[in-house]
Each structure stands twice: as C-alpha cells, then as structure tokens.
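Some notes on the structure that comes next.
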Amino acid sequence: MNKYRTHNCKELRKEDINKEISISGWINKKRDHGNLLFIDLRDNYGITQCIIDKENKNFLELEKTQLETVIKIQGKVVSRSIETVNKEIETGEIEVVINKFQILGTCKELPMPVFSDQEYAEEIRLKYRFLDLRRKKIHENIILRSKVISYIRNEMTKLDFLEFQTPILTSSSPEGARDFLVPSRLNPGKFYALPQAPQQFKQLIMVSGFDKYFQIAPCFRDEDARADRSPGEFYQLDLEMSFVEQEDVFNVVEKLMVNTFKKFSSKRLLYDKFPRIPYSQAMLKYGTDKPDLRNPLIIQDISEIFIRDDVKFEIFKKLVKSGSKVRCISTKNTKDKPRSFFDGIDKWAKEQGASGLAYFTFENDKDLSAKGPIGKFFSKESLLEIMKKTNSKVGDSIFMACGKQSDLEKITALARDKIANELDLIEENIFAFCWIVDYPMFERDEMTNKVKFSHNPFSMPQGDLGEKDFENPLDILAYQYDIVCNGIELSSGAIRNHKPELMYKLFSIAGYDKTQVDEKFSGMINALSYGAPPHGGIAPGIDRIIMLLANEKNIREVTMFPMNQNAQDLMMNAPSSVSDEQLKELNLSIKPKK
RNA sequence: GGGGGUGUAGCUCAGUUGGUUAGAGCGAUCGCCUGUCACGCGAUAGGUCGAGGGUUCGAGUCCCUUCACUCCCGCCA
C-alpha cells in the first residue's frame with residue numbers, strides 16, 4: 001500500500017463508510033468551530049471534507065496549520081446526516097473523521113489566496129504561477145488543454161498521419177516575423193534562429209516521401225503580445241499532406257475541428273460545413289479577413305450614391321470624386337434608439353482615429369426621408385437606392401464612413417463589432433467557423449510601394465500562369481486559406497508551390513533574385529529540384545482552440561507558464577543577464593544602452 | 001515606437017470640492033464557539049498611498065516627470 005494515500009480526494013462514497021483510509025492533499029479551507037474543526041482537503045481530483053474535534057490529541061496542532069499546507073490524513077469514512085450533505089462536491093455524502101495527520105509540506109503565509117473566485121493582478125499570478133494553477137478554473141483549463149491535445153493526436157494518428165519532431169535550432173528566414181536568435185559557439189559570429197513554424201521542414205518531410213505528417217509544434221516569433229497572442233512561443237497543430245488539393249486538406253481539418261469542438265464544448269456550431277468566403281469578399285462585407293460570423297451586420301459599398309446629383313452631402317461627394325469610397329452598415333429597426341446611441345458610435349469612431357461615422361435613420365412620415373443631422377442631404381430617390389442596396393426598411397439606420405479603401409476596411413470592421421455589441425446582436429453560445437479562401441499571392445507594401453508576398457511565399461498560385469499574368473501580379477490568387485472562428489484566426493495553410501522554376505519566378509516579383517533565393521531557402525529550393533510531390537497543409541493554433549473551448553478571452557488563461565506582455569517570465573526571471581564567461585565563449589559583447 | 005486604463009495593508013477594493021490620526025472585506029495573530037461547507041462573534045498587528053519633483057498653510061486627492069502591469073494600434077509571411 002502507498003504510504004501517502006489509499007484514495008484520492010474525489011473517490012470516497014457511501015460505499016466506503018466505516019473504512020479506515022488515508023488521503024493526502026492541500027488544506028483548501030478550514031472552518032473552525034473551536035471544539036470542532038472542518039477541513040476541506042483538496043487534490044487534483046476533488047475535495048473531501050474531514051473533521052476532527054477537541055477529544056483528539058491532534059486537534060490543537062491541526063487547528064493551527066495554515067491553508068495550503070500539504071498533509072496526510074488517516075481516519076474513518078462516515079456518512080453525513082441528511083441535513084449536512086453537500087451536493088456541490090462529489091464526496092458530499094461522506095466525511096472523514098480524522099484520527100491522525102502528518103504534515104508533508106509546510107506553507108508560508110500566502111501572497112494570494114488559492115481558495116477564492118476573485119480576480120487577481122496578473123503580475124502576482126504569474127510570479128506565483130504554481131499557486132495560481134491550483135485554482136479551480138485555470139487548473140481545469142490546463143487539464144482541458146491536455147485532453148484536447150491528446151484527442152487531436154489520437155484522431156490524427158487514426159487518419160494515418162505520422163508525428164515527427166523537427167529542429168528547434170534552425171536558420172533565420174528573411175520573410176515573416178522577427179526571429180529569436182541563438183548565437184553559435186562553434187561558428188563564431190553566426191546565429192541559429194528558433195523556428196517561426198516548421199514550414200520548410202514539413203515540406204521537406206513531404207519531399208522525403210512520408211505522405212502525411214503532423215506535429216504539436218512549438219513556434220517562436222519575436223513580436224509584441226496581444227490578449228490572444230503569447231509573446232515568444234505558442235503551439236500549432238502543424239500538418240502536411242502529399243498528393244492533395246485544397247479540398248482534401250479542408251476535409252481532414254473541417255472534420256477534426258467539428259469533432260473536437262463538439263466533444264469539448266457544449267456551445268452550438270453554427271455551421272458543420274464551414275462557409276467559404278473569398279478574401280476579397282471578406283474584406284468588403286466584413287472589412288477584415290477574420291470576420292466574426294456570429295455578427296449579422298454586413299458592410300456595403302455605396303460609393304456610387306455620392307455621384308448622384310440629388311445627393312448634396314458635399315464632403316463625401318468631393319472625397320468620392322478624388323477616389324475615396326463610402327461604405328456603410330445598416331442596422332435593423334433602430335429608429336427608437338436615442339440620439340446618444342448614434343452620437344456615441346460617432347464619437348467612438350473618432351477615438352479610433354477615423355473621421356467619424358455619419359448616420360441617419362429611414363423614416364416614413366407622409367413620405368420617405370432620412371432622420372439625423374445629415375438626412376437632409378439625401379433625396380427620396382437616393383434613399384430608395386440605398387435601401388435597395390443595403391436591404392434596409394423604414395426604421396432601419398445607416399452608419400457610413402468615407403475614406404481610402406484600407407482605412408475604410410479598418411474602421412468599418414471595428415464599427416461592425418462595436419455596433420453589434422451595443423445592440424447585443426452577438427449570440428455567445430455559438431461557434432461560427434468559416435474558411436477564408438483565394439488570398440492574393442502578392443500585395444503592395446503601403447510604405448515602400450513595392451510588391452511583396454501577402455502571405456506565404458511557398459504557396460501555389462492558382463491557375464495556369466502565363467507571362468501575361470505576371471504583368472499584374474496583384475491579381476494572382478493563391479491556394480492559400482485560413483480558418484476563422486468567432487473572429488479569431490485559428491490557422492492558415494496552403495497548397496504549396498513544389499515547382500522550383502515557378503518559385504524563382506514568384507520570388508523575382510517580390511524582389512529576390514535567383515542567388516538570394518538559393519542562399520536563403522537553399523534547403524527547400526534544392527529539395528524541390530529532386531522530385532517533389534504536390535503537397536499542402538495547414539497549422540491550426542492550439543492555444544487559440546483551447547481558448548475558445550475554455551471560453552477564455554486571454555491566451556494566458558490556457559497557458560501553463562506564460563510570459564507577461566513584455567516577454568518576461570516573472571517566476572523564472574527570464575530573460576536574465578549571463579556571465580562574461582558565457583558571452584566570451586559565444587564571441588559576444590553587450591553594448592551599453594544609452 | 002504610439003494611444004487608453006490601472007497602481008492605496010499580504011490579497012480584493014473604498015477614500016467627497018485638497019482639510020484632523022487613510023478605511024472595509026478576505027488573509028495573518030490571539031481569544032470565544034461541537035455541524036460547518038464563503039461558518040459565526042470579539043480583539044490585535046499590518047501602509048514610503050508605485051517612485052521622484054512641484055503647487056499649497058496643508059496633497060492619497062491638483063500639476064510635471066518617471067516606473068510597473070494591462071488593453072489596443074504598429075508588428076505578427
């Protein structure tokens with residue numbers, strides 16, 4: 001028999017009454033009645049109420065023992081009287097009468113309580129993460145994470161995917177995020193980079209003939225954090241398949257997502273078959289390539305309205321004439337909303353850096369008109385045209401913004417969320433998945449005005465491209481796709497370009513000559529020249545999937561030991577200084593910061 | 001790099017138009033209490049009001065600088 005316990009803290013039931021047992025765990029809570037003491041003992045599995053009275057010689061010492069001390073209790077299981085049964089816990093029908101106890105691990109005064117539903121400053125939670133992780137909600141989140149990962153691994157294996165590990169120390173790549181660099185001792189002055197994703201390796205695995213690969217892969221990107229973006233590192237379900245088209249990848253991943261979300265959440269899936277939205281359409285209708293489809297609002301382009309002579313809203317007319325566009329959001333039956341609602345949205349838009357949101361409400365008081373500060377600028381006919389374009393009725397309102405396309409997309413996307421939240425239009429208990437497809441291969445860099453890869457340079461362009469197509473590179477679409485759920489980008493993937501000549505061509509458009517490509521992507525481009533199969537894949541973000549399943553808004557709530565926003569580990573004190581010896585060995589010196 | 005929010009006891013927070021000795025709950029310590037499950041009751045200890053400077057007879061409160069945390073923009077193929 002184990003010297004610490006015969007049962008865990010969730011196991012004991014009525015059937016165990018009269019058994020002499022031992023359990024070990026943390027003192028979750030004490031209720032001290034002076035001559036009678038209740039102790040809730042907690043372990044990973046659950047809570048068991050233990051009881052001792054002053055007749056027992058151990059009473060005084062146990063009464064003095066701190067919360068969160070680890071103890072072993074020996075005693076007898078007894079039934080609770082009907083009035084004292086606790087239905088909240090699984091062991092609530094019994095309790096353990098303490099005979100002996102032993103302290104296994106003492107506990108200092110706590111910097112933060114463990115037994116409490118209160119929220120605490122993250123600084124202290126991260127510094128004492130081991131205490132924080134004892135708390136119910138986050139403890140359960142981390143267990144959920146383990147279960148989801150093991151489920152996914154099992155599903156992938158069932159589908160004949162093979163799990164491989166890829167190098168953590170690899171080479172820096174010019175495209176994409178900032179790399180974490182690791183100095184090489186044996187190669188002075190040279191650096192490894194931590195992989196931003198195993199992108200090239202998984203393609204090399206396909207070229208090596210393994211057909212289907214997956215990995216719960218750590219990825220490292222040295223970029224600033226967000227609520228849904230850990231600084232430094234995160235995990236992807238990285239997968240790649242040979243001899244597949246886009247459709248084959250969709251089939252595998254869509255099923256996996258549906259099954260995983262149905263198994264681990266009680267929320268409803270809005271679509272079992274994910275709608276596919278072309279990138280260009282997403283940018284128009286939602287202003288973003290990660291739309292929240294729980295939100296019923298849709299953005300419409302009404303630029304032509306402002307070319308009409310019977311529309312007198314001169315500010316917008318002038319801007320439209322010089323190339324700006326007007327886009328709007330129509331809200332259903334908002335005629336009775338107070339003026340403060342509309343002005344509030346307008347004010348909010350200005351705070352977001354836009355020039356505001358103009359608005360009016362369709363009214364039919366004898367005749368069709370627009371109510372609101374700018375209503376008088378619109379003729380009846382123009383209003384009818386707007387109603388037709390936006391599918392609006394009398395009583396609905398229009399919010400509109402004018403500007404150049406990229407600014408417009410940004411503000412209308414934000415406004416779409418803001419207005420939906422204000423009107424309480426977003427149903428919380430739903431997962432709304434979609435595919436975003438047909439990403440452009442290239443885009444124009446607004447700063448440099450140069451053509452660059454818009455996503456992954458290794459993606460396969462769509463169609464049979466002739467010389468003519470390369471004259472308008474911005475029109476070239478790629479077999480590049482994203483999965484989005486509730487406005488969160490869960491993954492992106494692509495059918496890869498496995499033809500070296502085409503690869504050189506595409507890189508040349510983005511400004512890399514053959515020598516540069518050979519140098520920077522030597523492993524890849526070389527491999528593709530020795531018989532590469534057509535292949536493609538995707539990489540869903542594990543942390544974000546767990547975040548959605550656990551109903552958390554912050555990725556740190558599903559990460560066991562996260563860093564803070566400044567990429568510091570407050571518990572382990574990382575990053576930290578290193579000795580001069582270490583620096584010398586690496587041929588590095590630190591420039592003093594001014 | 002830029003913008004917003006927060007910073008008061010170990011923890012969570014209150015603190016009025018600037019005005020005496022900065023408060024509460026939890027936790028800690030001590031005492032009372034034999035059926036609680038957020039046990040109850042009483043007492044005690046615990047504060048550089050993030051830091052520095054300024055205005056003022058007087059600053060937790062107003063002003064300036066700065067630091068930390070957080071959210072957002074940039075960034076994240």
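The structure displayed is predicted, hence computed values, not measured ones.
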> Touch check for A/D117, heavy atoms < 4.0 angstrom, all strands: base, sugar-phosphate only, or nothing?
Replying inline: nothing
>> Under 6.0 Å between ring centres: does that hold for A/F507 and A/F453?
In response: yes
> Within the structure shown, what part of the strands sits under 4.0 Å from A/Q568 by heavy-atom distance: base, sugar-phosphate, or nothing?
Replying inline: sugar-phosphate
> Do you know the tightest heavy-atom contact between A/T91 and A/R80?
Replying inline: O-NH2, 4.4 Å
> Could you give the distance from CG (A/N141) to CD (A/E552), rounded to the nearest 0.5 Å?
Replying inline: 4.5 Å
>> Using whole Å, what does the distance between atom P of nucleotide B/C69 and atom CD of A/E119 come to?
In response: 19 Å
> Once you round it to whole Å, what is the distance between P of B/G35 and CZ of A/F38?
Replying inline: 8 Å
>> Under a 3.5 Å cut-off for both contacts, is B/U56 paired Watson-Crick or G-U wobble with anything, and if yes, with which nucleotide?
In response: none
> So what does A/L110 touch, heavy atoms closer than 4.0 Å: a base, only the sugar-phosphate, or nothing?
Replying inline: sugar-phosphate
> According to the Watson-Crick and G-U wobble definitions, with both distances under 3.5 Å, which nucleotide is paired to B/U34?
Replying inline: none
>> Using whole Å, what does the distance between atom P of nucleotide B/U34 and atom CD of A/E55 come to?
In response: 11 Å
>> Any strand counts, and the cut-off is 3.5 Å on both contacts for Watson-Crick or G-U wobble. Which nucleotide pairs with B/A24?
In response: B/U12
> Considering every strand shown, what is the Watson-Crick or G-U wobble mate of B/U29 when both distances are under 3.5 Å?
Replying inline: B/A43
> P atom, B/U12 versus B/C69: distance in rounded Å?
Replying inline: 16 Å
> Should B/U6 form a Watson-Crick or G-U wobble pair with both distances under 3.5 Å, which nucleotide is its partner?
Replying inline: B/A68
> For A/Q118, which contact category applies under a 4.0 Å heavy-atom criterion: base, sugar-phosphate, or nothing?
Replying inline: sugar-phosphate
> Reckon A/P113 touches a base, only the sugar-phosphate, or nothing at all at heavy-atom distances under 4.0 Å?
Replying inline: sugar-phosphate
>> Within 45 degrees of the ring normal and closer than 6.0 Å to the centroid, is that where the cationic atom of A/K514 sits relative to A/Y504?
In response: yes
>> If I take atom CD1 in residue A/I52 and atom P in nucleotide B/C33, what distance separates them, rounded to the nearest angstrom?
In response: 17 Å
> Cation-pi between A/K520 and A/Y512: NZ/CZ under 6.0 Å from ring centre and within 45° of the ring axis?
Replying inline: no
>> Going by centres under 5.5 angstrom and planes under 30 degrees, do the aromatic ring of A/H33 and the base ring of B/C39 stack?
In response: yes
>> Within the 4.0 Å heavy-atom criterion, would you say A/Q49 contacts the bases, only the backbone, or no part of the nucleic acid?
In response: base
> Taking CG from A/L570 and P from B/A68, how many angstroms apart are they, rounded to a whole number?
Replying inline: 12 Å
> Under 4.0 angstrom, heavy atoms only, what part of the nucleic acid is A/Q66 near: base, sugar-phosphate, or nothing?
Replying inline: sugar-phosphate
> For B/G1, which nucleotide in any strand shown is its Watson-Crick or wobble partner with both distances under 3.5 Å?
Replying inline: B/C73
>> Once you apply a heavy-atom cut-off of 4.0 Å, does A/S454 come out as touching a base, just sugar-phosphate, or nothing?
In response: sugar-phosphate
>> For a quick check of understanding: with a heavy-atom distance under 4.0 Å over all strands, which category does A/R556 fall into, base, sugar-phosphate or nothing?
In response: sugar-phosphate
